[in-house]
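Notes to accompany the following structure.
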Amino acid sequence: YTGSAQSGYYAAQIGLPLILQFVTAPLHLLGYDIYNNPKNTIKQRFQFMGKDYLKNVSIRMVRMAPPWSFGTIGNKEIRENLHDYLKVYPKRMQSTLVYHVSG
């Protein structure tokens, strides 16, 4: 849907870690609440998680974007360019390389 494999990779690598914060943030908040307030009822736990839900999700998105979205893309690009420059490829990449024979 994005037009190419590379743009699909970028969309997934940027989008998925950020979208997952809508799921992981409440679990994280629930863990905090269980640890800090072990006697809370289920209703109190849901109130705690819902109180600042969007604020927590948004700040977690801001924190996760550099390492898990942009950092991963940058690391892959740098690693691939370095492998091409040095002509050194990991064993898992060697089977996917296409060698051009001039003749």
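- Cluster partners of Leu16 are absent, since no Ile, Leu, Val, Met, Phe, Trp or Tyr has side-chain heavy atoms less than 4.5 Å from it.
- Residue pairs meeting the salt bridge (charged side-chain N to carboxylate O under 4.0 Å, His left out) criterion with at least one partner in residues 12-26, sequence neighbours excluded, do not occur; the list is empty.
- Partners of Ala65 under the side-chain contact (heavy atoms from CB on, under 4.5 Å) rule, at least two apart in sequence or in another chain, are Leu18, Phe70.
- Linking ILVMFWY residues whenever their side-chain heavy atoms come closer than 4.5 Å, directly or via other members, places Tyr85 and Val88 in the same cluster.
- Between the side chain of Gln13 and the backbone N or O of Trp68, at least one donor-acceptor pair lies under 3.5 Å.
- Residue Glu80 holds its CD atom at 10.0 Å from CG of Asn75, rounded to the nearest 0.5 Å.
- No donor-acceptor pair under 3.5 Å is formed between the side chain of Ser69 and the backbone N or O of Pro66.
- In this view, Thr24 and Gln21, Arg60 satisfy the side-chain contact (heavy atoms from CB on, under 4.5 Å) rule, not counting sequence neighbours.
- No more than 12 heavy atoms of other residues, nucleotides or ligands lie within 6.0 Å of CD1 in Ile42, so this atom counts as exposed by the packing criterion.
- Distance check, rounded to the nearest 0.5 Å: CZ of Phe46 to OG1 of Thr41 gives 10.5 Å.
- Residue pairs meeting the salt bridge (charged side-chain N to carboxylate O under 4.0 Å, His left out) criterion with at least one member in residues 40-51, sequence neighbours excluded, are Asp33-Arg45.
- Under the 4.5 Å side-chain criterion, counting only non-hydrogen atoms from C-beta, Lys76 is not in contact with Ile73.
- At a threshold of 4.5 Å between side-chain heavy atoms, the hydrophobic network of Ile, Leu, Val, Met, Phe, Trp and Tyr places Leu20 and Met61 in two separate groups.
- Pairs engaging residues 2-21 under the salt bridge (charged side-chain N to carboxylate O under 4.0 Å, His left out) rule: none recorded [sequence neighbours left out].
- Taking all atoms of both residues into account, the shortest heavy-atom contact from Phe22 to Tyr53 is O-OH, 2.8 Å.
- In this structure, Asn56 CG and His28 NE2 are separated by 9.5 Å, a value rounded to the nearest 0.5 Å.
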